[in-house]
Amino acid sequence: MSTYYLNYLEELESEAIFILREVWAQFQNPVILFSGGKDSILVTHLAKKAFHPAKIPFALMHVDTGHNFPEAIQFRDDIVEKLGVNLIVGSVQKSIDDGRVAEEKGKNATRNALQITTLLDTIEEHKIDCAIGGGRRDEEKARAKERFFSHRDEFGQWDPKNQRPELWNLLNGKYFEGEHFRAFPISNWTEMDVWNYLTKENIEIPSLYLAHEREVVKRNGSWIPNSEYLVLEPNEEIVKKKIRFRTLGDITITGGIESDADTMEKIVEEVSTMRETERGNRSDDKRSETAMEDRKKDGYF
């Protein structure tokens with residue numbers, strides 16, 4: 001009698017697939033939150049595996065701030081067409097135009113927090129009861145508090161002290177009218193796990209993750225890409241650097257790192273030497289020690 005063992009990536013894959021199937025079993029109208037970033041790409045790939053040979057049963061949902069990297073939007077549209085899935089888009093610009101939120105001002109202005117209202121409005125409009133995200137516990141201390149099934153109250157808010165226990169792989173998706181859940185199937189993955197898996201499975205990613213020449217400016221210790229939204233200070237200068245991005249958000253807040261890693265294998269090698277979290281170059285997380293947790297309590301991803 002032969003014994004079959006899973007390696008650590010296969011164990012993580014199996015766990016994520018189990019959670020995705022639990023989402024489909026327990027909820028009526030779940031979606032995958034898709035930004036075109038590596039984690040949402042990974043979750044979508046795992047969903048494809050979880051329900052093969054059937055089509056992915058989830059729509060993809062993107063909260064479009066209007067300040068996205070063009071490459072990420074193109075990647076989003078390409079994958080939607082390739083998979084033949086529905087795409088739901090919530091527009092932050094529409095929220096601004098409708099007076100639901102107010103645009104920030106100043107050189108460090110961002111639409112990051114404005115996504116909360118757009119996200120919750122889109123969830124309510126489409127009667128979504130579970131939004132599947134690519135958040136991982138190793139990314140940031142607030143995300144480390146998330147459960148696989150993360151409850152949100154009738155206002156879309158998250159209380160980290162009032163979450164359901166998850167014992168023996170028992171996931172509780174019960175909710176009252178108006179409430180919803182977020183699900184995080186890759187919670188236990190690390191950045192290294194993600195890159196090892198993407199490399200092993202030969203999964204296509206946006207070119208933004210690979211080292212390339214780009215016009216950037218040094219700000220708050222990060223290389224912020226030049227764009228039509230960038231307001232320069234008198235002492236700031238646009239330079240050309242070979243950079244790549246470890247995480248993707250708005251073009252206005254996502255800082256790059258100098259790198260020569262222009263293949264996925266080189267990224268794996270580079271990440272193995274990193275001592276800072278990948279979100280260390282996100283200016284939205286530098287506003288305060290509790291910036292991410294404050295946003296998540298209000299309904300952020």
**Request:** Taking atom CD of Glu258 as the centre, report whether more than 12 heavy atoms of other residues, nucleotides or ligands fall under 6.0 Å from it.
**Result:** yes

**Worked check of side-chain contact (heavy atoms from CB on, under 4.5 Å) between Asn188 and Arg137** = CA-CA 6 Å; Asn188 288 334; Arg137 292 180 177 129; 2.5 Å; yes

**Request:** Decide, yes or no, whether a salt bridge links Arg182 with Glu146 under the criterion of side-chain N to carboxylate O below 4.0 Å.
**Result:** no

**Prompt:** In Å and rounded to the nearest 0.5 Å, what is the OG1 to CG distance from Thr247 to Leu208?
**Reply:** 11.0 Å

**Request:** Could you verify whether a donor N or O on one side chain and an acceptor N or O on the other, from Thr190 and Asp193, lie under 3.5 Å apart?
**Result:** yes

**Asked** Quick check: does any side chain N or O of Glu154 sit under 3.5 Å from a backbone N or O of Glu177, one acting as donor and the other as acceptor?
**Response** no

**Message:** I'd like to know if the side chain of Asp250 and the backbone of Thr252 have a donor-acceptor N/O pair within less than 3.5 Å.
**Reply:** no

**Request:** Just do the side-chain contact (heavy atoms from CB on, under 4.5 Å) check on Asp39 and Val194 with the steps written out, would you?
**Result:** CA-CA 7 Å; Asp39 298 316; Val194 171; 3.7 Å; yes

**Prompt:** Between Phe245 and His212, how do the two ring planes meet: parallel, tilted or perpendicular, split at 30° and 60°?
**Reply:** tilted

**Request:** Look at the side chain of Asn29 and the backbone N and O of Lys127, then say whether any donor-acceptor pair between them is shorter than 3.5 Å.
**Result:** yes

**Request:** Using modelled atom types only, decide if a donor and an acceptor are shared between the side chain of Ser40 and the backbone of Ser35 within a distance under 3.5 Å.
**Result:** yes

**Prompt:** So does Lys218 have more than 12 non-hydrogen atoms from other groups sitting under 6.0 Å from NZ?
**Reply:** yes

**Asked** With distance as the sole test, does Asp64 use its side chain to make a donor-acceptor pair with the main-chain N or O of Ser91 at under 3.5 Å?
**Response** no

**Message:** Treating Lys241 as the side-chain partner and Val216 as the backbone partner, does any N or O pair qualify as donor plus acceptor under 3.5 Å?
**Reply:** no

**Message:** Can you tell me how far apart OG (Ser207) and CZ (Arg244) are? Round to the nearest 0.5 Å.
**Reply:** 12.5 Å

**Request:** Report yes or no: do Leu20 and Leu170 belong to one cluster of Ile/Leu/Val/Met/Phe/Trp/Tyr joined by side chain heavy-atom distances under 4.5 Å?
**Result:** no

**Separation of Asp260 CG from Ile243 CD1 (nearest 0.5 Å)** = 12.5 Å

**Message:** Is any side-chain heavy atom of Leu87 closer than 4.5 Å to one of Asp77?
**Reply:** yes

**Asked** Looking at Ile132, Ile128, Ile32, which one forms a side-chain contact (heavy atoms from CB on, under 4.5 Å) with Met61?
**Response** Ile128

**Request:** Return the orientation label for the Phe34 and Phe75 ring planes: parallel under 30°, perpendicular over 60°, tilted otherwise.
**Result:** parallel

**Prompt:** Looking at side-chain heavy atoms only, is the closest gap between Ile267 and Leu198 below 4.5 Å?
**Reply:** no

**Asked** Is there a side-chain contact between Pro70 and Ile73, using heavy atoms and a 4.5 Å cut-off?
**Response** no

**Message:** Please evaluate residues Glu270 and Ile257 with respect to the criterion side-chain contact (heavy atoms from CB on, under 4.5 Å), reporting the C-alpha separation (whole Å), side-chain torsions for both, the decisive distance (0.1 Å), and the verdict.
**Reply:** CA-CA 11 Å; Glu270 183 180 80; Ile257 60 169; 3.7 Å; yes

**Prompt:** If you look at every heavy atom in Gly134 and Ile186, which pair is closest and at what distance?
**Reply:** O-CD1, 3.5 Å

**Item:** Side-chain donor/acceptor of Tyr209 to backbone N/O of Lys38, under 3.5 Å
**Value:** yes

**Message:** Can a donor-acceptor pair be found, under 3.5 Å and without considering hydrogens, that links the side chain of Ser150 to the backbone of Arg147?
**Reply:** no

**Item:** Atom of Gly135, atom of Phe184 and distance for their closest heavy-atom approach
**Value:** N-CD2, 3.7 Å

**Prompt:** Out of His180, Gln163, Gln157, Lys174, which one pairs with His151 under the side-chain contact (heavy atoms from CB on, under 4.5 Å) rule?
**Reply:** Gln163

**Asked** Roughly how far, to the nearest 0.5 Å, is the CH2 atom of Trp189 from the CG atom of Leu42?
**Response** 4.5 Å

**Request:** Kindly give the heavy-atom pair with the smallest separation between Gly249 and Thr254, and that separation in Å.
**Result:** N-OG1, 2.9 Å

**Request:** Write down the atom of Gly255, the atom of Ser222, and the distance for their closest heavy-atom approach.
**Result:** CA-CB, 3.9 Å

**Asked** Could you give the distance from CG (Leu46) to CD (Glu13), rounded to the nearest 0.5 Å?
**Response** 6.5 Å

**Asked** Charged N to carboxylate O below 4.0 Å: is that the case for Glu201 and Lys48?
**Response** no

**Item:** Asp129 (side chain) donor-acceptor with Phe27 (main chain) under 3.5 angstrom
**Value:** no

**Asked** Would you say Asn7's side chain and Leu9's backbone share a donor-acceptor pair under 3.5 angstrom?
**Response** yes

**Fill in**
Quick note, ring pair (Phe, Tyr, Trp, His ring centres under 6.0 Å) partners involving residues 120-143, not counting sequence neighbours, are none

**Message:** For Phe176, is the CZ atom crowded, meaning more than 12 foreign heavy atoms sit under 6.0 Å from it?
**Reply:** no

**Asked** Taking the side chain as C-beta and beyond, is there a heavy-atom pair between Leu119 and Leu33 under 4.5 Å?
**Response** yes

**Prompt:** Taking the side chain as C-beta and beyond, is there a heavy-atom pair between Val268 and Met192 under 4.5 Å?
**Reply:** yes

**Request:** Run the salt-bridge test on Asp138 and Arg136 with the 4.0 Å N-O cut-off and return the result as yes or no.
**Result:** yes

**Item:** Gln26 side chain near Phe181 side chain, heavy-atom distance below 4.5 Å
**Value:** no

**Request:** Tell me whether Tyr197 is reachable from Tyr8 by hopping between hydrophobic residues (I, L, V, M, F, W, Y) whose side-chain heavy atoms are closer than 4.5 Å.
**Result:** yes

**Request:** Can you tell me which residue pairs pass the ring pair (Phe, Tyr, Trp, His ring centres under 6.0 Å) test with a partner in residues 251-272, sequence neighbours excluded?
**Result:** none

**Prompt:** Does CD in Glu124 sit with more than 12 non-hydrogen atoms of other residues, nucleotides or ligands closer than 6.0 Å?
**Reply:** no

**Request:** Could you state whether Val23 and Ile17 fall into the same hydrophobic cluster, counting links through intermediate Ile, Leu, Val, Met, Phe, Trp or Tyr residues with side-chain heavy atoms under 4.5 angstrom apart?
**Result:** no

**Prompt:** What are the two closest non-hydrogen atoms of Glu265 and Thr199, and how far apart are they?
**Reply:** OE2-CG2, 3.7 Å

**Message:** If hydrophobic clusters are built by linking Ile, Leu, Val, Met, Phe, Trp and Tyr wherever their side-chain heavy atoms come under 4.5 Å apart, do Phe51 and Ile41 end up in the same one?
**Reply:** yes

**Request:** Flag the pair His45 / Lys49 as yes when at least one side-chain heavy-atom distance between them is below 4.5 Å, and no otherwise.
**Result:** yes

**Prompt:** Of all heavy-atom pairs between Trp223 and Val239, which one has the smallest distance, and what is that distance?
**Reply:** CZ3-CG2, 3.6 Å

**Complete:** Interatomic distance, CZ@Arg76 vs NE2@His62, rounded to 0.5 Å, equals 6.0 Å

**Message:** Looking at Glu71 and Arg214, is there a salt bridge between them, counting it only when a charged N and a carboxylate O are closer than 4.0 Å?
**Reply:** yes

**Within 6.0 angstrom of Glu103 CD, more than 12 heavy atoms from elsewhere** = yes

**Co-membership, hydrophobic cluster, residues Ile205 and Val80, 4.5 Å side-chain** = yes

**Asked** Is Lys200 close to Asn196 at the side-chain level, that is, under 4.5 Å between some pair of heavy atoms?
**Response** no

**Asked** Between Asp78 and Lys82, does at least one N-O distance fall below 4.0 Å, as a salt bridge requires?
**Response** no

**Request:** Please test Phe148 against Glu15 for side-chain contact (heavy atoms from CB on, under 4.5 Å), starting from the C-alpha separation and ending with a verdict.
**Result:** CA-CA 10 Å; Phe148 287 125; Glu15 178 184 66; 3.6 Å; yes

**Asked** Do you know which of Ile96, Val63, Val101 makes side-chain contact (heavy atoms from CB on, under 4.5 Å) with Thr117?
**Response** Val101

